[in-house]
Protein chains: 2
Amino acid sequence: MSTYGQFCPVAKAMEVLDERWTLLVVRELLAGSKHFNEVRRGVPKMSPTLLSKRLRSLERHGIVERTSNGSRATYALTPCGRDLVGVVTAMGLWGLRWIGEMGEDDLDPHLLMWDMQRTIPIHAWPRGRTVVRFDLDDVAPKSARWWLMVNGDVSDVCDFDPGHDIDAIVSTGLRTLTRIWRGDESWELALRAGSVTVGGTSDVRRAVPGWLGQSTLAQLAAVPA
Amino acid sequence: MSTYGQFCPVAKAMEVLDERWTLLVVRELLAGSKHFNEVRRGVPKMSPTLLSKRLRSLERHGIVERTSNGSRATYALTPCGRDLVGVVTAMGLWGLRWIGEMGEDDLDPHLLMWDMQRTIPIHAWPRGRTVVRFDLDDVAPKSARWWLMVNGDVSDVCDFDPGHDIDAIVSTGLRTLTRIWRGDESWELALRAGSVTVGGTSDVRRAVPGWLGQSTLAQLAAVPA
DNA sequence: CAGTATCCATTTCGATACTG
DNA sequence: CAGTATCGAAATGGATACTG
């Protein structure tokens with residue numbers, strides 16, 4: 001960490017937070033990840049060495065607390081770390097408002113499905129096991145099909161057929177699904193425009209947008225403070 | 001600028017903003033600086049080459065607009081740039097709340113006086129010319145004495161005697177003055193503890209804290225949202 | 001005043017492989 | 001699972017001097 005030599009609190013904060021990846025790691029911890037490889041899932045392009053380094057640095061700064069219960073290490077935000085929710089949110093809302101364009105490299109079906117799986121409003125789903133399949137038509141075959149399930153109060157996602165009955169099939173492109181998830185487009189408009197189609201009983205088709213919803217940030221943006 | 005390869009708006013925002021110095025340049029522009037060397041005053045430890053590079057980068061990203069009226073270049077934030085006030089504020093409030101410790105290198109009388117000069121509530125000062133001298137007792141002689149003046153609706157600061165009558169003398173240490181300015185301590189407590197003394201007529205001595213006030217961020221922090 | 005030019009030490013980071 | 005070890009390429013940025 002290099003310093004700025006300024007008393008200004010913005011500078012003091014940036015000394016800690018302006019390093020590459022740092023705030024994304026915090027975002028993952030805010031989203032609820034507790035273990036090393038759980039965090040990694042949210043920042044798959046970060047090398048484990050670097051993640052380790054960042055976690056250590058955050059620990060040194062009193063933002064993260066690491067506890068090693070026997071063999072399993074657990075990471076948690078301290079109160080100071082939890083208070084970064086304001087920074088992460090401000091950053092995200094600004095990004096959402098002003099950086100609409102995503103390059104091809106920004107689109108990642110793994111990342112998208114993982115984020116959806118952990119964010120969807122489980123309470124809005126039916127009681128029993130419910131499975132939605134996603135067919136992404138513009139993606140290499142091995143990452144084109146995903147199964148998202150809710151059973152009781154647990155959600156799961158995988159890229160292979162888990163063998164259960166499928167309640168709905170969402171067919172669309174990765175970019176479209178990402179844009180809807182981010183809140184750049186609405187389910188309604190996309191469905192009407194035909195850039196997304198949903199298969200299933202008519203009840204289910206009507207319900208799917210409510211099952212999936214949108215990213216946490218999009219929900220915040222929809223309720224302008 | 002390197003990329004993160006994530007669709008997440010936080011990542012997209014950080015791609016633009018996580019480079020060293022970037023957000024501090026934005027802070028300066030938000031504070032009202034319009035010209036190259038004006039911005040420099042707020043980030044004196046940044047090399048001009050790098051400042052130039054950052055301004056260009058901000059311009060490319062649609063955050064800053066540069067206009068060259070003849071020979072004088074002017075920088076201004078675009079609406080997108082102005083909207084970063086939320087990010088800068090969140091960052092600053094977090095820094096203020098959680099990073100209290102300042103190293104010796106973080107203390108800079110130039111920077112402090114410059115920030116005070118541009119932030120003080122001029123309307124709270126008397127009508128005629130009013131001069132406050134600062135004597136910093138723990139600073140090298142050549143940076144230990146400062147004159148802060150208000151005349152009409154213009155404030156000024158310098159490190160040499162401008163030759164006007166002095167209305168008040170504030171004697172304290174650089175660290176104390178910085179802490180008060182940031183809002184870490186209050187004028188009242190510092191005066192009572194004797195870590196600051198103010199010379200002048202009793203009316204003036206009572207008025208000085210109100211003339212000086214505190215940094216913009218400290219004012220925001222004092223009104224918890 | 002408003003920047004450029006140059007140069008190099010240092011850091012940083014990504015890739016890959018490996019370990020208890 | 002939860003990291004560490006190693007290495008080299010790239011870039012980052014600080015210092016300094018210079019220009020129209």
Side-chain angles (χ1 to χ4, degrees), chain A residues 1-6 11 14-25 28-29 32-61 64-76 105-106 108 111 114, chain B residues 1-6 11 14-26 28-29 32-61 64-76 105-106 108 110-111 114:
Chain A
M1 180 193 93
S2 47
T3 59
Y4 285 116
Q6 299 207 348
M14 284 306 272
E15 286 182 356
V16 181
L17 303 173
D18 72 356
E19 277 179 316
R20 198 164 152 69
W21 292 109
T22 299
L23 216 54
L24 301 190
V25 172
E28 287 309 306
L29 294 169
S33 291
K34 289 176 168 40
H35 302 287
F36 193 87
N37 284 352
E38 221 174 340
V39 174
R40 270 203 89 181
R41 242 181 127 160
V43 284
K45 305 219 166 115
M46 188 180 189
S47 84
T49 310
L50 195 51
L51 174 55
S52 174
K53 196 174 156 191
R54 287 289 183 274
L55 284 168
R56 237 165 261 286
S57 162
L58 287 168
E59 202 184 345
R60 247 184 308 123
H61 285 103
V64 161
E65 191 173 23
R66 180 200 148 112
T67 51
S68 186
N69 345 353
S71 68
R72 190 148 165 94
T74 300
Y75 298 91
D105 292 347
D106 295 331
D108 180 336
L111 212 45
W114 160 246
Chain B
M1 181 193 93
S2 47
T3 59
Y4 284 116
Q6 298 207 351
M14 284 306 272
E15 286 182 357
V16 181
L17 302 173
D18 72 358
E19 277 180 316
R20 198 163 151 67
W21 293 109
T22 299
L23 216 54
L24 301 190
V25 172
V26 172
E28 288 309 305
L29 294 169
S33 291
K34 289 176 167 40
H35 303 286
F36 193 85
N37 283 353
E38 221 173 342
V39 174
R40 269 203 89 183
R41 242 178 127 162
V43 284
K45 304 222 167 113
M46 188 181 189
S47 83
T49 311
L50 193 52
L51 174 55
S52 173
K53 196 174 156 191
R54 286 290 182 276
L55 284 168
R56 238 165 261 288
S57 163
L58 287 168
E59 203 186 343
R60 247 184 306 122
H61 285 102
V64 161
E65 191 174 21
R66 179 201 151 113
T67 51
S68 184
N69 345 355
S71 67
R72 190 146 165 97
T74 300
Y75 298 91
D105 292 348
D106 295 333
D108 180 337
H110 282 260
L111 212 46
W114 160 245

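Below, chain A is the first sequence line, B the second, and so on; all start at residue 1. Keep in mind it's a predicted model, so treat the numbers as computed, not measured.
Put simply, the side chain of A:Tyr4 never gets that close to the backbone of A:Glu15: no donor and acceptor are under 3.5 Å apart. In terms of modelled atom types and a separation under 3.5 Å, the side chain of A:Arg54 and the main chain of A:Arg20 share a donor-acceptor contact.
Of the two residues contacting DNA chain D, namely A:Phe36 and B:Lys53, the nearest-nucleotide position lying further toward the 5' end is that of A:Phe36. Taking the nucleotide of DNA chain C with the nearest heavy atom to each of B:Ser52 and B:Ser2, the more 5' of the two is matched to B:Ser52.
Here the shortest heavy-atom pairing between A:Leu111 and A:Gly42 reads CD1-O, 3.7 Å.
At a threshold of 4.5 Å between non-hydrogen side-chain atoms, the residues A:Thr22 and A:Asp18 do not count as touching.
Atom-to-atom, CG of B:Leu50 to C1' of C:dT11 comes out at 14 Å; the value is rounded to the nearest Å. Rounded to an integer number of Å, the gap from CE of B:Met46 to P of C:dG3 is 13 Å. If you measure from atom CZ of A:Arg56 to atom C1' of D:dG3, you get 8 Å, rounded to the nearest angstrom. Atom CZ in B:Arg20 sits roughly 17 Å away from atom C1' in C:dC13 (whole-Å rounding). Between the NZ atom of B:Lys34 and the P atom of C:dA2 there is a distance of 13 Å, rounded to whole Å. Distance, A:Leu51 CG to C:dC13 P: 13 Å, rounded to whole Å. Protein atom CZ of A:Arg40 is 12 Å distant from nucleotide atom C1' of D:dT4, rounded to whole Å.
With D:dA2, C:dG3, C:dC1 as the candidates, the nucleotide lying closest to the side chain of B:Ala73 is C:dG3. Relative to the side chain of B:Glu19, the nucleotides C:dA2, D:dA2, D:dT12 differ in distance, and D:dT12 lies closest. With D:dG14, D:dG3, C:dC1 as the candidates, the nucleotide lying closest to the side chain of A:Arg66 is D:dG3.
Helix-axis bend for the helix from C:dC1-D:dG20 to C:dG20-D:dC1: the local axis fitted to the five terminal pairs at one end deviates from that at the other end by 50°, rounded to 10°.
Counting non-hydrogen atoms of other residues, nucleotides and ligands closer than 6.0 Å to CD of B:Glu59 gives a total above 12.
In this structure, the side-chain contact (heavy atoms from CB on, under 4.5 Å) partners of B:Ser68, at least two apart in sequence or on a different chain, are B:Arg66. Here A:Glu28 pairs with A:Arg118 under the salt bridge (Lys or Arg N to Asp or Glu O under 4.0 Å) rule; sequence neighbours left out. With sequence neighbours excluded, no residue satisfies salt bridge (Lys or Arg N to Asp or Glu O under 4.0 Å) with B:Asp108.
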Polar pairs (N or O, both sides) under 3.5 Å between protein and nucleotides 15-20 of chain D?
none

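Residues in residues 38-51 of chain A take part in no side chain to side chain donor-acceptor pair (under 3.5 Å) pair, two or more places apart or across chains.
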